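Working notes for the structure below.
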Amino acid sequence: MQAYLQAISGSAGRLVFSLVYFVVLANTLSIAEFGLFATASAAGVMLSRLLGFGFIATLYRVATVKPRLLGTYTAGFLMWSALSLPALALAGLATHAIFFAGELSLGIFAAVVAAETLLWRPAEAVVIVNNGLNRFGRGAVLVILGTMARALAAVVFALQAGGDLSTWTMFYLAANGATLAVAVTVFYPRGRLRLRPALYWRRMADAAYVAGAEMLFYLQMELDKLLVLALGGPKLAGLYAIIMRLVDLTAIPIRTFSMLLVQRMMRAPDLLSRLGLRVGIEGTIFAVSTLALLALAAVLAVRPTLLGGNVAQAAPLLILALFVPGLRNLVEYQAELLFARGQTGLRAINLALLGAAKALLLVHLLGAVHETQALVVALNGLFAVLYLASAVLTYTALRRPAPRPV
């Protein structure tokens, strides 16, 4: 319980400052510019999973079960991160050409992606390592500081007259750079870096599976934003990004619970063997997520401009997506269960199937439904289909014996 309270304190702080950051930025940029930034940021988060070819997952496992080797595996993470830069650059160029050509300049896109991949993702690695060491308080403080830095950058940006998207990207780079500097100098465990390449090869198969699975996971999580931009344009992408950002706020406390459950399952792979426990956890996740969105929608129904004029344009649509947060959070939770048991290959396959299903369903919806309200309502059905598919794939995989740790 103490560990959860320490970890959830970071989530609570992140929730507050994330809300400030979102409200200020969404009402400073135009809706179209916000849509472009949110979509570029989502692409950057997806691409950031290529950093180190997934070796962050190995770093987390080592911090959790073999902390004395942390210095050795930190050196490995740095080595693989450097080697992954060409792949990151090529993937970034391909993503821009497919989704952003003609809508967003390559320079602005590259700046946003660099902020996510080279600055924020390594800072996340520091949080992950602290959580693996059960230093949840330190991880929570760093999460709060990172979100606070983004919120402060957004406020300063808003106070400047005439700021546009290109100006905001400079603020965004500065905020993420400051967070990384503090993370490395203050929060990373001190230890001697020892490079032992031969030791890393035994872990690279698992790490590569994780990198692929993480990219597929974020692709299926963020693909809707990319497709809405490509098929609907920046204005619709902006409205959609506002709705999904509000939906995403409900996931912050759920992710804290999932993180702690993953750690327990790493030590006890058959923790969720009882059907009643699985159903109870999923029911709680769905109920908490749905009630959180319902409360937010009720507040905005009474005070539509509470979160600013731009958000007010999307506020009436929020209640129409009532079941999306719970279903979306459950798909995310189920993916984490396979990671916890070390079934990274099956996790990657499942996420590829879910990503393909989501793309096909969303392309069909965007082609068949032309009213924004009807589109948002239809998202409930889309995520219900994805949840059912995820549940079948996940719990079929969990019936298999857990693989031995590598």
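The chain is numbered in sequence order, starting from 1. Small disclaimer: the values here were computed from a predicted structure and weren't measured.
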task: Identify the heavy atoms of Ala321 and Asn380 that sit nearest to each other, and give their distance.
output: C-OD1, 3.7 Å

query: Side chain of Asn310, backbone of Thr28: donor and acceptor closer than 3.5 Å?
result: no

Distance-only donor-acceptor hits, side chain of residues 101-113, under 3.5 Å, sequence neighbours excluded:
{"from": "Ser105", "atom 1": "OG", "to": "Ile108", "atom 2": "N", "distance (Å)": "3.3"}

- request: Could you pull out all residues at least two apart from Arg278 that satisfy salt bridge (charged side-chain N to carboxylate O under 4.0 Å, His left out)?
  value: none

message: Quick check: do Ile319 and Leu294 have side-chain heavy atoms less than 4.5 Å from each other?
response: yes

- prompt: Under 3.5 Å, is there a donor-acceptor pair linking the side chains of Thr179 and Asn176?
  reply: no

query: Any donor-acceptor pair under 3.5 Å linking the side chain of Ser41 with the backbone of Phe37?
result: no

field: Minimal non-hydrogen separation, Ala123 against Leu142, with atom names
entry: O-CD2, 4.0 Å

query: Between atom CG of Leu36 and atom CG of Leu229, what is the distance when rounded to the nearest 0.5 Å?
result: 6.0 Å

message: Do Leu379 and Tyr240 have side chains that approach each other closer than 4.5 Å (heavy atoms only, starting at C-beta)?
response: yes

message: Test: salt bridge (charged side-chain N to carboxylate O under 4.0 Å, His left out). Region: residues 383-392. Which pairs qualify, not counting sequence neighbours?
response: none

- request: Enter the distance from Ile243:CD1 to Leu317:CG here, rounded to the nearest 0.5 Å.
  value: 4.5 Å

task: State, with a plain yes or no, whether a side-chain heavy atom of Met170 is found less than 4.5 Å away from one of Phe157.
output: no

When the side chains of residues 69-78 are checked against the rest of the protein, which donor-acceptor pairs come out under 3.5 Å, sequence neighbours left out?
{"from": "Thr74", "atom 1": "OG1", "to": "Leu70", "atom 2": "O", "distance (Å)": "2.7"}
{"from": "Thr74", "atom 1": "OG1", "to": "Tyr188", "atom 2": "OH", "distance (Å)": "2.6"}

Nearest atoms (heavy-atom pairs only) where Val24 meets Ala158: CG1-CB, 3.7 Å

field: Closest contact, heavy atoms only, Glu336 versus Arg347
entry: OE2-NH2, 3.1 Å

query: Looking at CG of Leu133 and OH of Tyr60, how far apart are the two atoms once the value is rounded to the nearest 0.5 Å?
result: 10.0 Å

- prompt: Could you state the interatomic distance from CG (Leu47) to NE2 (His96), rounded to the nearest 0.5 Å?
  reply: 12.5 Å

task: Kindly determine whether Thr396 and Leu346 satisfy side chain to side chain contact (heavy atoms under 4.5 Å, CB included), including the steps that lead there.
output: CA-CA 10 Å; Thr396 299; Leu346 282 173; over 6 Å; no

task: Over all heavy atoms of both residues, which pair between Pro122 and Thr117 is shortest? Give the atoms and the distance, please.
output: CD-O, 3.4 Å

Qualifying residues under side-chain hydrogen bond (donor to acceptor under 3.5 Å, both in side chains), relative to Ser289, sequence neighbours excluded: Asn329

message: Please find the pair of heavy atoms, one from Ala151 and one from Val20, that lie closest to each other, and give the distance.
response: CB-CG1, 4.2 Å

message: Working to the nearest 0.5 angstrom, can you tell me the gap between Glu332 CD and Leu337 CG?
response: 11.5 Å

Side chains of Phe99 and Thr39 in contact at under 4.5 Å (non-hydrogen atoms): no

- prompt: Under 3.5 Å, is there a donor-acceptor pair between the side chain of Asn350 and the main chain of Ser390?
  reply: no

field: Thr305: side-chain contact (heavy atoms from CB on, under 4.5 Å) partners, not counting sequence neighbours
entry: Ala312

- prompt: Are there more than 12 heavy atoms of other residues, nucleotides or ligands under 6.0 Å from atom CD of Gln373?
  reply: no

statement: Arg138 meets the side-chain contact (heavy atoms from CB on, under 4.5 Å) criterion, sequence neighbours left out, with Asn130, Arg135, Phe187

Contacts of Tyr387 that satisfy side-chain hydrogen bond (donor to acceptor under 3.5 Å, both in side chains) - sequence neighbours left out: Glu282

query: Listed by chain and number, what are the side-chain hydrogen bond (donor to acceptor under 3.5 Å, both in side chains) partners of Tyr172, not counting sequence neighbours?
result: Glu116, Arg150

query: Quick one: CD1 on Ile242 to CZ on Phe34, what's the gap to the nearest 0.5 Å?
result: 5.5 Å

Contact check, side chains of Leu382 and Leu361, non-hydrogen atoms, under 4.5 Å: yes

- request: Name all pairs fulfilling the salt bridge (charged side-chain N to carboxylate O under 4.0 Å, His left out) condition that reach into residues 283-295, sequence neighbours left out, sorted by first residue then second.
  value: none

message: Before you tell me yes or no, could you show the steps for Thr167 and Phe171 under side chain to side chain contact (heavy atoms under 4.5 Å, CB included), namely the whole-Å CA-CA distance, both residues' side-chain angles and the distance that decides it to 0.1 Å?
response: CA-CA 7 Å; Thr167 304; Phe171 281 89; 3.8 Å; yes

query: If you look only at pairs with a residue in residues 225-241, which of them pass as a salt bridge (charged side-chain N to carboxylate O under 4.0 Å, His left out), with sequence neighbours excluded?
result: Glu222-Lys225

field: Residue list, side-chain hydrogen bond (donor to acceptor under 3.5 Å, both in side chains) with Trp120, at least two apart or on another chain
entry: Glu124

